[in-house]
Amino acid sequence: MKLNSKISKEIENNNKIITTNQILQLGFSKTLISNYVKNGLLEKISHGIYALPNTIIDDMYLLMLRSSKIVFSHDSALFLHGLSDRTPFRHSITLPSDSSIPKDMKDECNCFYITPELFELGIVQIKTTFGNMVKSYNMERTVCDFLRSRNRCDEKMVINAIKNYASSSSKNLNLLAIYSEQLKVGKELKKYLEVLL
């Protein structure tokens, strides 16, 4: 038994990963997926997500496949933007306060919620270390998020986030000021910047 050529092509186009929905959209059944798994042609990675055997899995990309509602934030966004060299042990994600994700995902991530009207602010597409595109907040939004949730974050991490941002050549202080007002952290930002700059 070998993989159907359409499925094989879809997997190659999707960095060696395929979802149940993608297989169904190609016109194949869930039974075929089960047969592929039994015969060792695919490995189940998560609910509804499969990969070629021995594929190194991009955990950030995998999380995005599991829920289109999430955006990487806080320490995960810092890592994606190269403002931290420490890979987060648990990824931080933000989602709108009027939505939810599966319980098993909640158990794996640090979840932050925000009102739907502020959720979209500062979303960018960015490459993971594996080269997959995921949604993350930009650097300015990330700094503001740390200030918004500083009671839930390590103080040292908040300071490092602002320090690393301040030394970045691609910072946009005007945008940071706008976001800090929209997210109601303008006073806190001013205090930190006065101390650090």
Side-chain angles (χ1 to χ4, degrees), residues 1-96 99-113 116 119-142 145 168-170:
M1 185 178 204
K2 65 178 191 171
L3 290 176
N4 174 283
S5 60
K6 281 185 183 176
I7 292 175
S8 191
K9 188 177 178 186
E10 185 74 21
I11 290 171
E12 286 307 315
N13 291 341
N14 208 27
N15 293 326
K16 299 185 173 53
I17 291 176
I18 195 162
T19 65
T20 301
N21 285 342
Q22 288 170 320
I23 290 174
L24 295 175
Q25 283 173 4
L26 289 171
F28 300 99
S29 68
K30 288 182 179 181
T31 309
L32 183 64
I33 301 169
S34 299
N35 288 337
Y36 283 162
V37 171
K38 269 186 219 157
N39 287 291
L41 297 172
L42 288 178
E43 287 180 0
K44 184 174 181 171
I45 303 303
S46 181
H47 178 72
I49 301 173
Y50 302 86
L52 293 176
N54 305 315
T55 299
I56 296 169
I57 301 301
D58 179 345
D59 55 343
M60 295 182 109
Y61 184 60
L62 182 60
L63 284 169
M64 293 258 46
L65 287 176
R66 289 168 66 192
S67 175
S68 59
K69 297 173 185 172
I70 67 167
V71 175
F72 288 104
S73 60
H74 299 80
D75 51 340
S76 295
L78 281 185
F79 177 73
L80 285 167
H81 286 288
L83 296 178
S84 168
D85 53 7
R86 210 174 80 199
T87 309
F89 178 67
R90 281 169 61 99
H91 285 296
S92 295
I93 58 172
T94 295
L95 57 156
S99 63
S100 64
I101 53 173
K103 188 186 180 318
D104 62 330
M105 267 185 86
K106 279 185 191 172
D107 295 341
E108 289 174 41
C109 302
N110 298 321
C111 299
F112 296 86
Y113 295 86
F119 174 71
E120 301 277 333
L121 186 71
I123 292 178
V124 294
Q125 292 281 333
I126 191 166
K127 278 187 181 177
T128 66
T129 50
F130 289 86
N132 294 306
M133 296 303 284
V134 294
K135 286 188 294 185
S136 171
Y137 284 121
N138 63 19
M139 294 189 301
E140 289 74 20
R141 168 68 188 258
T142 301
D145 279 344
S168 169
S169 60
S170 46

Chemist: Say you draw a straight line from CG of L62 to CD1 of I57; how long is it, rounded to the nearest 0.5 Å?
Modeler: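 Separation between the atoms: 6.5 Å.
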
Chemist: Would you say the side chain of I11 lies within less than 4.5 Å of the side chain of L42, judging by non-hydrogen atoms?
Modeler: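 Answer yes - side chains close enough.
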
Chemist: Return the set of residues passing side-chain hydrogen bond (donor to acceptor under 3.5 Å, both in side chains) with S136 (not counting sequence neighbours), or none when no residue passes.
Modeler: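 By the side-chain hydrogen bond (donor to acceptor under 3.5 Å, both in side chains) rule, S136 matches no residue at all.
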
Chemist: Can D59 and H91 be counted as having a side-chain donor-acceptor contact under 3.5 angstrom?
Modeler: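 Side-chain D/A pair, D59 to H91: present.
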
Chemist: Sub-3.5 Å donor-acceptor pair from the side chain of Y50 to the main-chain atoms of V37, do we have one?
Modeler: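 Answer holds: no.
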
Chemist: Would you check if K103 and D107 make a side-chain contact, meaning some heavy-atom pair closer than 4.5 Å?
Modeler: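 Yes, side chains in contact.
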
Chemist: In chain order, what residues pass the ring pair (Phe, Tyr, Trp, His ring centres under 6.0 Å) check against F79, with sequence neighbours excluded?
Modeler: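 Residues passing ring pair (Phe, Tyr, Trp, His ring centres under 6.0 Å) with F79: none at all.
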
Chemist: Do T94 and Y113 touch side chain to side chain, with heavy atoms closer than 4.5 Å?
Modeler: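 Side chain of T94 against side chain of Y113, heavy atoms only: no contact under 4.5 Å found.
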
Chemist: Please examine the side chains of K135 and I70, heavy atoms only from C-beta on, and report whether any two atoms are closer than 4.5 Å.
Modeler: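 Answer no - side chains too far apart.
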
Chemist: Looking at side-chain heavy atoms only, is the closest gap between H47 and D104 below 4.5 Å?
Modeler: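 They are not in contact (no side-chain heavy atoms under 4.5 Å apart), so the answer is no.
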
Chemist: Do the side chains of S67 and M105 get nearer than 4.5 Å, heavy atoms only?
Modeler: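 Sidechains of S67 and M105: in contact.
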
Chemist: Using side-chain heavy atoms (C-beta onward) and a distance below 4.5 Å, is E120 in contact with V71?
Modeler: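 No, too far: nothing below the 4.5 Å cut-off.
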
Chemist: Do K38 and M1 come within less than 4.5 Å of each other through their side chains, counting heavy atoms only?
Modeler: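 They are not in contact (no side-chain heavy atoms under 4.5 Å apart), so the answer is no.
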
Chemist: Of all the heavy-atom pairs spanning M139 and S168, show the shortest one and how long it is.
Modeler: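 Minimum heavy-atom contact is CE-OG, 3.7 Å.
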
Chemist: What closest approach, in Å, do S92 and H74 show between heavy atoms, and which atom pair accounts for it?
Modeler: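 Residues S92 and H74, closest heavy atoms: CB-CB, 3.8 Å.
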
Chemist: Residues two or more places apart in sequence or in another chain: which of them pass salt bridge (Lys or Arg N to Asp or Glu O under 4.0 Å) with D145?
Modeler: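 By the salt bridge (Lys or Arg N to Asp or Glu O under 4.0 Å) rule, D145 matches R141, R148.
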
